[in-house]
Student: 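Please see the structure below; I have some questions.
Note that these values count all heavy atoms, side chains included, but never hydrogens, waters or copies made by symmetry.
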Amino acid sequence: MSTADRPRGADLAREWVRAGSADLPLPGHGATRARWSELTEMCAHDVSAGRLVEAHADADAILAEIEGTRVAPGEFWGVWAAEPPMPRVTARRSVAGGEGWVLDGVKAWCSGAAVCTHALVTALDDDEPRLFAVDLRHPGVSARADGWAHPGMAETGTTAVEFRDVPARTVGNRRAYLDRPGFWHGGIGVAACWLGAGIAVARPLLARSSRPDADEHALAHLGAVDVALGGAVWALDAAAREIDGAGPGTGSDPATASAADPADAADPVDAADPVAVTGADLVAARHRAVRVRAIVEAAVDDTLRRVGRALGAGPLAMDPHHAQAVLDASVYIRQFHAERDLVGLGRTARTYGGWARG
């Protein structure tokens, strides 16, 4: 099979899911770093495919944390939780006073719309987002033709999906999806994927700098890329140790927990794990996740810039794999909310930053 004939993007992700390659350890159960390493490796091979596997694995972790269930063999899950002002999906009881629910409306930013069999979808329940599990094989589910314009991440098949009277079941209570440390642990999983995208971009520079005639210009840029991507690896290592040390269902590690501001501690949040989750746990988990995401985003952004300066236009023009990796990485890291996320870090740095205490 030629390179051009090999499955890519959504098709490759579906193959990985069917083969069991997407059956990853749950975060917070002792093998969080192994989980993230698998995601990094997949994205270094094919960014779009790895991104879809990350969503499938995240759905598995969400179901496990909130209700103690797992995705079933043969299923391919997405997580469609974006909540732009428009369009929206609404949820209503299928029968007045009954337990069943149905969804109606249009959901934006649905990755893997053509290949996923199921999805966790947020929909408005009395104007508040709530998480639902949906079987996408229902005839009321249809992907819209208008969708992705940029060639970066196009292989994820991201588009809007319409729901018309589609049966759904609730996953936890109204706040169960967001009010849990696992939400933030999942955000670091996305950063592990960004790291894989950055590694894919850096490979031609590594190859060029390994040649006997490598010039100091290329070597200097490779040294800077090593600092950036190596630092991102260390950040993921440290975050995984903290998460596994705290255990499933919590976000704090002993250092941050002891220094938590009592004002941050809210009522316990319900979770599948018996460990009580407090407001302090959630803030600690958020601070850790946004910090790691910021580190990885900056590392990949610097890698994109330095690889381009070191290698020039040649690889972008003549190497389709490298050109696609650059496009994918450039789009993917824009999921980081830049200064908006940094503002949040600034607000919690004194309590949860470690270095800023005292």
Student: Is there a path from Leu327 to Val300 through hydrophobic residues (I, L, V, M, F, W, Y) whose side chains come within less than 4.5 Å of each other?
Tutor: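 No, Leu327 does not connect to Val300 through the hydrophobic network.
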
Student: Is it true that Arg51 and Asp328 make a salt bridge, defined as a side-chain N closer than 4.0 Å to a carboxylate O?
Tutor: no

Student: If the test is side chain to side chain contact (heavy atoms under 4.5 Å, CB included), which one of Leu26, Asp23, Leu63 qualifies with Arg70?
Tutor: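 Only one option passes, and that is Leu26.
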
Student: Side-chain contact, heavy-atom cut-off 4.5 Å: Leu52 with Ser111?
Tutor: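 Contact flag for Leu52/Ser111 side chains = yes.
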
Student: Have Ser37 and Arg33 got a donor and an acceptor in their side chains that come within less than 3.5 Å?
Tutor: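 Yes - a donor-acceptor pair under 3.5 Å links their side chains.
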
Student: Determine the minimum heavy-atom distance between Ala239 and Arg288, stating which atoms define it.
Tutor: CB-CD, 3.9 Å

Student: What I want to find out is whether Arg18 reaches Glu75 closely enough, with some N-O distance under 4.0 Å, to be called a salt bridge.
Tutor: no

Student: Val106, Val166: one ILVMFWY side-chain cluster at the under-4.5 Å cut-off?
Tutor: no

Student: Verify the cluster assignment for Leu124 and Leu120: are they in a single hydrophobic cluster under the rule of side-chain heavy atoms below 4.5 Å apart?
Tutor: no

Student: Does a sphere of radius 6.0 Å around CD in Glu41 hold more than 12 heavy atoms from other residues, nucleotides or ligands, not counting ones at 6.0 Å or beyond?
Tutor: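 No.
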
Student: With side-chain hydrogen bond (donor to acceptor under 3.5 Å, both in side chains) as the test, pick out the partner of Asp104 among Arg88, Arg164, Arg92.
Tutor: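 Per the side-chain hydrogen bond (donor to acceptor under 3.5 Å, both in side chains) rule, the option paired with Asp104 is Arg92, out of Arg88, Arg164, Arg92.
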
Student: Between Val225 and Ile295, is there shared hydrophobic-cluster membership here, with clusters defined by ILVMFWY side-chain heavy atoms closer than 4.5 Å?
Tutor: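 No; tracing contacts between hydrophobic side chains, which count when under 4.5 Å, never links both residues.
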
Student: Please round to the nearest 0.5 Å and tell me the distance separating atom CG of Asp302 and atom NE2 of His221.
Tutor: 9.5 Å

Student: Tell me, yes or no, whether the heavy-atom count around Arg174 atom CZ, taken from other residues, nucleotides or ligands under 6.0 Å, exceeds 12.
Tutor: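 Counting other residues, nucleotides and ligands, CZ of Arg174 exceeds 12 neighbours.
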
Student: For residues Leu311 and Arg208, determine if any side-chain heavy atom of one lies less than 4.5 Å from a side-chain heavy atom of the other.
Tutor: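 The answer is yes; the side chains approach within 4.5 Å.
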
Student: Linking I/L/V/M/F/W/Y whenever their side-chain heavy atoms sit closer than 4.5 Å, directly or via other members, would Val233 and Val47 fall into one cluster?
Tutor: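 Hydrophobic grouping puts Val233 with Val47.
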
Student: If you count the non-hydrogen atoms of other residues, nucleotides and ligands that lie under 6.0 Å from CH2 in Trp148, is the total more than 12?
Tutor: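 Counting other residues, nucleotides and ligands, CH2 of Trp148 exceeds 12 neighbours.
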
Student: Side-chain contact, heavy-atom cut-off 4.5 Å: His138 with Phe163?
Tutor: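 His138 vs Phe163: side chains apart.
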
